[in-house]
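Hydrogens, waters and symmetry mates are skipped; everything else that's a heavy atom, side chains included, is used. Numbering starts at 1 and runs along the sequence shown.
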Amino acid sequence: MNKLKLNFNVHSAGAWTTLVGAILAAVTGVLGALGVNINSDILTTVSGAVTAVISLLVALGILVVPTDKKEDDKK
């Protein structure tokens with residue numbers, strides 16, 4: 001069997017933002033299907049906290065955004 005190769009850029013802020021958003025949406029959907037109501041204020045707070053952490057990592061240079069210059073672009 002062939003191994004599954006995941007293409008996930010761990011240094012991309014956009015990748016992390018998309019992944020966390022998808023996880024929050026999936027959890028909300030599953031809990032909603034099970035009859036558990038989640039307050040939208042809780043989702044807003046969690047989403048804001050995750051965005052703040054990702055922004056901090058970008059500011060520290062740990063994560064990069066697509067607008068950052070790459071080595072090839074500096075010609």
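Residues forming a side chain to side chain contact (heavy atoms under 4.5 Å, CB included) with A15 (at least two apart in sequence, or on another chain): F8, S12.
Side-chain N or O atoms of W16 include none that pairs as donor or acceptor with a backbone N or O of I54 at under 3.5 Å.
The list of ring pair (Phe, Tyr, Trp, His ring centres under 6.0 Å) pairs with a residue in residues 23-42, not counting sequence neighbours, is empty. Evaluation of the ring pair (Phe, Tyr, Trp, His ring centres under 6.0 Å) test over residues 22-58, restricted to residues two or more places apart or in two chains, returns none.
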Pair up each side-chain donor or acceptor in residues 18-30 with any protein partner under 3.5 Å, not counting sequence neighbours, and list the distances.
| residue | atom | partner | partner atom | Å |
| --- | --- | --- | --- | --- |
| T18 | OG1 | G14 | O | 2.8 |
| T28 | OG1 | L24 | O | 2.7 |

Enumerate, atom names and distances included, each donor-acceptor pair closer than 3.5 Å involving a side-chain atom of residues 32-53, sequence neighbours excluded.
| residue | atom | partner | partner atom | Å |
| --- | --- | --- | --- | --- |
| N39 | OD1 | D41 | N | 3.3 |
| T44 | OG1 | S40 | O | 2.8 |
| T45 | OG1 | D41 | O | 2.8 |
| T51 | OG1 | S47 | O | 2.8 |

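Contact of the V65 side chain with the V58 side chain is registered, since non-hydrogen atoms from C-beta on lie closer than 4.5 Å.
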